[in-house]
Every structure is written in C-alpha cells, then in structure tokens.
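Structure, as structure tokens:
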Amino acid sequence: MTSADFPRYDLPPDWPTTEAEATAVQERLRAAVVTAGEVAPPGEGAGTVAGVDVAYDDERGVVAAAAVALDPRTLAVVGEATAVGPVTFPYVPGLLAFREIPAVLDALGALDRAGHRPDLVVCDGYGLAHPRRFGLASHLGVLTGLPVIGVAKNPFTFRHADPGPHRGDWSPLLDGEEEVGRALRTRDGVKPVFVSVGHRVDLDSACAHTLHLARDYRQPETTRRADALCRRALAEVRAARS
DNA sequence: GCGACAG
DNA sequence: ATCTTGTCGC
C-alpha cells in the first residue's frame with residue numbers, strides 16, 4: 001500500500017452481496033481509516049474539490065452517479081462526469097455505501113481520466129459517524145485512497161445540542177460520549193448539516209472546508225452540483241429507455 | 001419484541 | 001432516495 005498505488009477506482013473483488021457479508025467488510029476495513037490529515041485550506045492552493053452524489057430509479061433498477069470538480073477558490077465547476085448502472089443493493093441503514101459506491105467509483109474514475117483528480121472528495125452521508133465507524137465517506141476514502149469527508153443532511157441516530165444561530169456555529173455530534181462528527185450551521189438561522197471525518201482529513205479541516213463550500217447555500221456547492229447532475233443523468237436514461 | 005434509522 | 005402543487009418570499 002504505497003501512495004503510488006492510488007487513487008484506485010475499481011470495485012474490490014470481494015464486494016459483498018448480502019447484509020452479513022457487508023457488515024463483515026465494514027468491520028474488517030474500518031482499521032484502514034486515517035483520521036488525521038489536513039487538506040490545504042481553500043483559496044491557498046491549487047487543486048480541486050469533487051462532490052459525488054447518486055440518484056435512483058428503483059422501478060427500473062437503475063442508478064446514476066455524478067462526480068463534479070470545483071475550483072475551491074471560486075466554487076466554479078471545472079469538470080463533470082457521470083456513470084449509470086444497475087441497482088445492486090437495497091437501502092439498509094448502516095449499509096448505504098454498498099448501494100452507492102459502485103456507481104460513485106465509476107463516476108470518480110471517469111472524472112479522473114478526464115483530467116480532474118480531486119484533492120478532496122465531499123459526499124452525502126457519513127464517515128466515522130456510523131454504527132461501526134465506517135460510513136460511506138470512510139469507505140470511499142479507503143477504497144480510493146483519496147481524502148474524503150461526509151456531509152449529511154440528517155443526524156441519523158446520533159444526538160447533538162442545537163448549535164448557535166450563526167453561520168460557523170457548531171456542536172458535537174455524539175454517539176454516547178464519543179464525538180463522531182459535528183452539527184455545523186452553514187447559514188444563519190438554518191438547520192445545520194452534519195459533518196464527519198471520512199478518510200485522511202481531520203474533523204476541524206472537514207468543517208472548515210464544508211463551511212467554505214457552503215458559501216451560498218446550506219449544503220456544500222459540491223453536493224448541490226453533484227445532486228443536480230446525477231438527477232439529470234437519471235432523467236436521460238429514463239428517456240432513452242421509455 | 002418494537003421502533004428508529006445517512007441516502 | 002422518491003412520491004408531488006402550490007405557495008410564500010427575496
């Protein structure tokens with residue numbers, strides 16, 4: 001495992017098909033998560049930040065993923081890629097990664113081959129804020145080797161005090177006594193988002209980037225762009241198959 | 001056993 | 001996630 005081997009965008013050969021296998025994979029890979037690391041603060045370095053998201057049509061069993069690269073300084077879109085495939089796993093709380101990652105890896109790989117290798121990936125959902133401390137963001141990070149953070153819209157099963165009313169205010173997201181992430185207010189008076197470490201980025205850095213990316217809206221611009229793109233891609237597949 | 005439960 | 005109209009507000 002040297003850095004020269006990364007990033008990788010291929011699905012591991014032992015990718016599970018059952019819930020029991022999936023849980024076992026999480027228990028096994030969780031040890032590979034790197035909790036520390038700082039990504040260069042936005043506005044100070046080159047590089048790009050990518051957002052990934054997925055949309056589903058369970059009726060037709062189709063999933064569409066999008067990966068969008070942004071200039072972290074201006075938040076302008078500099079690259080886009082999508083991937084479409086079959087739905088291979090149901091939504092099970094705690095096992096979201098197995099539903100999303102196959103398509104996300106395809107989209108991220110396409111983005112990389114198009115000339116945009118991200119220095120940071122932002123995804124919907126959680127990283128360490130997970131029953132087994134191995135949510136989507138951590139899983140994606142360990143598989144690709146890229147720095148990844150998780151920004152979710154809901155607190156899942158975790159508890160938190162209401163953060164202060166202003167942008168930048170935050171409170172710990174707690175699993176019992178353990179801080180697994182933060183409830184971060186990105187807009188004055190608006191419901192916070194829930195940030196957690198994915199891989200190779202510490203929590204302070206993850207929150208700093210989230211706040212920067214959520215300059216204009218509650219959610220990071222990366223997520224908004226990826227969300228819009230994967231919906232568009234799904235709509236195109238529907239049209240082509242009707 | 002029952003309910004809650006990222007997307 | 002997705003199903004879905006109008007509507008209040010900047």
Side-chain angles (χ1 to χ4, degrees), chain A residues 19 22-23 25-26 30 33 51-68 82-108 121-142 148-160 172-176 178-184 186-199 203 206-207 210 216-220 222-238 242:
Chain A
E19 294 187 26
T23 301
V25 166
Q26 291 179 330
R30 56 187 288 181
V33 174
V52 293
D53 196 16
V54 178
Y56 300 92
D57 184 335
D58 284 305
E59 289 273 300
R60 309 183 194 204
V62 178
V63 53
V68 179
T82 61
V84 172
V87 171
T88 59
F89 210 91
Y91 171 67
V92 180
L95 301 179
L96 176 65
F98 299 95
R99 182 166 167 80
E100 306 224 326
I101 278 185
V104 166
L105 285 176
D106 286 345
L108 265 182
V121 177
V122 180
C123 59
D124 285 14
Y126 287 117
L128 294 183
H130 179 273
R132 289 169 291 281
R133 301 293 179 270
F134 198 70
L136 171 62
S138 296
H139 206 150
L140 185 62
V142 167
V148 183
I149 66 174
V151 181
K153 299 179 288 297
N154 299 294
F156 202 9
T157 61
F158 306 108
R159 302 179 9 83
H160 66 94
L173 187 63
L174 301 171
D175 187 354
E178 184 180 356
E179 179 183 44
V180 294
R182 287 177 189 162
L184 175 65
T186 55
R187 304 284 290 173
D188 287 3
V190 174
K191 174 181 176 175
V193 296
F194 302 88
V195 181
S196 63
V197 168
H199 186 57
L203 188 53
C207 287
T210 298
D216 303 328
Y217 298 91
R218 174 187 176 233
Q219 292 200 74
T222 36
T223 297
R224 299 185 69 256
R225 295 289 188 173
D227 179 73
L229 183 56
C230 69
R231 288 178 195 245
R232 203 182 316 151
L234 185 62
E236 287 173 14
V237 183
R238 280 170 161 154
S242 66

Do Val193(A) and Lys153(A) have side chains that approach each other closer than 4.5 Å (heavy atoms only, starting at C-beta)?
no
Mind checking if [X] touches a base, just sugar-phosphate, or nothing, with heavy atoms under 4.0 Å?
X: Ala129(A); result: nothing
X: Gly94(A); result: base
X: Ile101(A); result: nothing

Between [options], which nucleotide has the shortest distance from any of its atoms to the side chain of [X]?
X: Lys153(A); options: dA6(B), dA1(C), dT2(C); answer: dA1(C)
X: Glu100(A); options: dG7(B), dA6(B), dA1(C); answer: dG7(B)
X: Asp53(A); options: dG7(B), dT2(C), dA6(B); answer: dG7(B)
X: Arg238(A); options: dC5(B), dC3(C), dA6(B); answer: dC3(C)
X: His130(A); options: dT2(C), dA6(B), dG7(B); answer: dA6(B)
X: Tyr56(A); options: dA6(B), dA1(C), dC3(C); answer: dA1(C)

For the pair made of [atom1] in [X] and [atom2] in [N], what is the distance, rounded to whole Å?
X: Phe158(A); N: dA4(B); atom1: CZ; atom2: C1'; value: 12 Å
X: Leu140(A); N: dG7(B); atom1: CG; atom2: P; value: 16 Å
X: Arg231(A); N: dT4(C); atom1: CZ; atom2: C1'; value: 13 Å
X: Phe98(A); N: dA6(B); atom1: CZ; atom2: P; value: 17 Å
X: Arg133(A); N: dA6(B); atom1: CZ; atom2: C1'; value: 14 Å
X: Leu95(A); N: dC5(B); atom1: CG; atom2: C1'; value: 11 Å
X: Leu96(A); N: dA4(B); atom1: CG; atom2: P; value: 20 Å
X: Leu234(A); N: dT2(C); atom1: CG; atom2: C1'; value: 11 Å

Taking 4.0 Å as the cut-off, does a side-chain nitrogen or oxygen of Asn154(A) come that near to OP1 or OP2 on dG7(B)? yes
**Prompt:** Phosphate oxygens OP1/OP2 of dA6(B): is one of them under 4.0 Å from a side-chain N or O of Arg99(A)?
**Reply:** no
Requested in this report: May I ask you to decide whether Arg231(A) forms a salt bridge with Asp53(A), counting only side-chain N to carboxylate O separations under 4.0 Å?
Outcome: no
Is the ring pair His139(A)/Phe98(A) parallel, tilted or perpendicular, if the boundaries are 30 and 60 degrees? perpendicular
Quiz item: Between the side chains of Glu100(A) and Tyr56(A), is a donor N or O closer than 3.5 angstrom to an acceptor N or O?
Solution: yes
Ring-on-base stacking dA6(B) with Phe194(A) (under 5.5 Å, under 30°): no
Discussion item. Using modelled atom types and a 3.5 Å cut-off, is there a donor and acceptor pairing between side-chain atoms of Gln26(A) and backbone atoms of Gly94(A)?
Written reply: yes
